[in-house]
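For reference, the structure is listed below as structure tokens.
Both backbone and side-chain heavy atoms feed into the values below; hydrogens, waters and symmetry mates do not.
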Amino acid sequence: MRRRPGIGGLQTAAAARDQYRLLGENVAKLKMDLMKEQLATFRSQLEDFARKHKNDIRKNPAFRSQFHEMCAKVGVDPLASNKGFWAELLGIGDFYYELGVQIVDICLATRPHNGGLINLEELCRLLNQRRKSAREAVTEDDCLRAISKLKVLGNGFEVISVGKRKLVRSVPTELNKDHNEILELAQANGFVTVEEVARRLSWSSGRATDALETLLDEGLAMIDDGHRDGKRRYWFPCVSSISSFVGNETL
């Protein structure tokens, strides 16, 4: 017959478990303290790096992107506040807040033509065109960082992916799966027809018409009835250049 451990044995086992638990906690604390120390050292080195390469960070878009990646790895957000060390050292907060204001202006100026949905690549091009007298070039990465700060304005500003492209939405329009598939299809030529949508997506003509008319009502599409084949074209400025629609002076 197997004997049960006595009270003394149980107490010894419990004491051993407590010792192992305390040992584990101490090891975890040591590791955490070491990690905090290493992060503090890295942050200090990051500040020294930023001081040394201040001009490169401001003027070189690729260098600026790599700098942001380094910051992210140690939990530093230079854009978290427009005040403090990073703003004083680099003026980088001011740089992105300025970009944000200019992005809002461009989105408002182009909204009558694209319904509040603009290709990120086109937005970046217009932004650089507007800032041609500025010393700093602007990349799509810069635009994305500036747009992320515009979320405080509410649901109006958001970056969405349609196929291989990124579109910037400046109005609270909700696009469903059908709308996204049509926009992705329109990227080839800038326009689609009801017949093309129905054929390429294996939809009924009613489903295609309903989705296209919704996009038209939202201001995201423009219609062209001037073709010999009599088929209505639905054009989408948000997936093509809007240069022919909007004069540079308005931007």
Side-chain angles (χ1 to χ4, degrees), residues 99-131 138 140 143-144 146-147 150-151 153-251:
L99 280 191
V101 171
Q102 293 171 343
I103 286 172
V104 170
D105 287 343
I106 291 173
C107 288
L108 290 176
T110 59
R111 188 177 293 175
H113 307 279
N114 57 31
L117 199 62
I118 184 172
N119 187 349
L120 176 63
E121 182 180 348
E122 178 75 359
L123 173 61
C124 188
R125 188 188 67 78
L126 292 172
L127 194 56
N128 273 308
Q129 189 177 71
R130 175 173 180 168
R131 294 171 53 87
V138 174
E140 291 184 12
C143 288
L144 291 173
I147 291 169
L150 295 176
K151 290 183 179 179
L153 299 179
N155 297 327
F157 286 85
E158 182 183 13
V159 178
I160 61 176
S161 295
V162 176
K164 296 180 180 180
R165 297 194 181 187
K166 293 184 182 296
L167 304 179
V168 179
R169 189 178 70 180
S170 59
V171 291
T173 302
E174 292 296 333
L175 300 178
N176 60 30
K177 185 174 181 291
D178 283 3
H179 301 148
N180 283 339
E181 289 188 17
I182 288 176
L183 289 173
E184 185 173 356
L185 187 61
Q187 290 179 14
N189 299 310
F191 71 89
V192 295
T193 64
V194 171
E195 293 78 10
E196 179 186 11
V197 171
R199 175 174 53 84
R200 295 281 298 276
L201 300 179
S202 299
W203 292 358
S204 67
S205 59
R207 178 179 178 182
T209 300
D210 182 65
L212 286 166
E213 288 298 315
T214 299
L215 290 169
L216 182 64
D217 291 340
E218 292 291 343
L220 299 178
M222 303 172 68
I223 56 174
D224 178 8
D225 292 325
H227 288 262
R228 293 180 181 178
D229 59 12
K231 295 180 181 179
R232 168 172 287 187
R233 266 78 168 162
Y234 291 81
W235 286 87
F236 294 91
C238 59
V239 296
S240 58
S241 175
I242 62 171
S243 300
S244 59
F245 299 106
V246 185
N248 293 337
E249 68 277 5
T250 64
L251 301 178

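The two residues Gly100 and Ala146 come nearest to each other via the heavy atoms N-CB, 4.0 Å. Considering every non-hydrogen atom in both Ala208 and Val194, the closest pair reads CB-O, 3.9 Å. A pairwise comparison of heavy atoms in Leu216 and Ala221 identifies CD1-O, 3.3 Å as the closest pair. Summarising the geometry of Ile182 relative to Phe236, their closest heavy-atom pair is CG2-CZ, 3.9 Å, with the distance given to 0.1 Å.
Rounding to the nearest 0.5 Å places SG of Cys143 at 10.0 Å from CD of Gln102. Atom CZ in Phe191 sits 10.5 Å away from atom CG in Leu185 (nearest 0.5 Å). Within the model, atoms CG of Asn114 and CH2 of Trp235 stand 15.5 Å from one another, a figure rounded to the nearest 0.5 Å. With rounding to the nearest 0.5 angstrom, the CD1 atom of Ile103 is 11.0 Å from the CG atom of Leu126. Once rounded to the nearest 0.5 Å, the distance linking CZ of Arg169 with SG of Cys238 reads 12.5 Å. Rounded to the nearest 0.5 Å, atoms SG (Cys124) and CD (Glu121) are 8.5 Å apart.
Checked against side chain to side chain contact (heavy atoms under 4.5 Å, CB included), Arg199 has the following partners two or more places apart in sequence or in another chain: Glu196. By the side chain to side chain contact (heavy atoms under 4.5 Å, CB included) test, Asp225 is found to be paired with Ile223, Arg232, residues two or more places apart in sequence or in another chain being considered. Scanning for salt bridge (charged side-chain N to carboxylate O under 4.0 Å, His left out) contacts around Asp229 gives Arg233, with sequence neighbours left out. Legend: residues meeting side chain to side chain contact (heavy atoms under 4.5 Å, CB included) with Ile160, ordered by chain and number and at least two apart, are Leu117, Glu158, Val162, Leu167, Leu175.
Partner Val168 forms a side chain to side chain contact (heavy atoms under 4.5 Å, CB included) with one of Leu144, Asn119, Ile106, Ile118 and no other, that one being Ile118.
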Checking side chain to side chain contact (heavy atoms under 4.5 Å, CB included) for the pair Asp105/Arg130: CA distance, chi angles, key distance, verdict? CA-CA 11 Å; Asp105 287 343; Arg130 175 173 180 168; 3.1 Å; yes
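A 4.5 Å side-chain heavy-atom check between Arg131 and Leu99 finds at least one atom pair inside the cut-off. The shortest distance between side-chain heavy atoms of Val192 and Arg200 does not fall below 4.5 Å.
Every pair tested for salt bridge (Lys or Arg N to Asp or Glu O under 4.0 Å) that includes a residue from residues 108-119 fails, sequence neighbours excluded, so the list is empty. Applying the side-chain hydrogen bond (donor to acceptor under 3.5 Å, both in side chains) rule to pairs touching residues 178-188 yields Asn176-His179, Lys177-Glu181, Asp178-Arg207, sequence neighbours excluded.
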